Amino acid sequence: MAPLSEEQVRQGLAGLSGWSYGENAISKRYTFPGFPDAVKFVNRVADLAEGMNHHPDITINYNAVLLTLSTHSEGGVTDKDLALARQIEEAAEREAR
């Protein structure tokens, strides 16, 4: 699986609100009411990532979670990263309901 061009990544992010592209990765910061909510979200993301055998970099700062996705073995963003980002967005929408 080859890395996507910058234009392909930007097109892939068009339907994903709040995601940005830079330094060969895509990322988004999520904010929650408190630490337990942030951890609950991270656990949900971990389940999704494990199911895809594709693991993001995750940083938790109290009630904020930064997710960074890149296919390290390919040196950039691939379709696998965009697919995981879409699944994460669906999970985040369900959590917000």
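Since we're looking at a predicted model, the values are computed, not measured.
Lys28 places a side-chain N or O within 3.5 Å of a backbone atom of Ser17 that can act as its donor or acceptor partner. At least one donor-acceptor pair under 3.5 Å links the side chain of Asp81 to the backbone N or O of Thr78. When atom types are taken as modelled, the side chain of Asn63 and the backbone of Phe35 share no donor-acceptor pair closer than 3.5 angstrom. Under a 3.5 Å cut-off, the side chain of Gln8 and the backbone N or O of Ser5 do form a donor-acceptor pair.
No hydrogens or angles considered: nothing links the side chains of Asn24 and Ser70 as a donor-acceptor pair under 3.5 Å. Looking at Ser27 and Thr68, their side chains never bring a donor and an acceptor atom within 3.5 Å of each other.
Across all non-hydrogen atoms, the minimal contact from Ala85 to Leu69 is N-CD2, 3.8 Å. Of all non-hydrogen atoms in Glu74 and Ala2, the two that sit nearest each other are OE1-CA, 4.0 Å. Minimum heavy-atom separation, Ala64 to Arg29: CB-NH2, 3.3 Å. Nearest heavy atom pair, residue Leu82 against residue Leu16, reads O-CD1, 4.4 Å. Contact between Ala38 and Phe32 at its shortest, heavy atoms only, is CA-CD1, 3.7 Å.
Arg94 contributes atom CZ, which lies 10.5 Å from atom CZ of Phe41 (distance to the nearest 0.5 angstrom).
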Before giving the answer on salt bridge (Lys or Arg N to Asp or Glu O under 4.0 Å), spell out for Arg10 and Glu6 the whole-Å C-alpha distance, their side-chain angles and the decisive distance to 0.1 Å. CA-CA 6 Å; Arg10 294 203 186 281; Glu6 182 175 342; 3.0 Å; yes
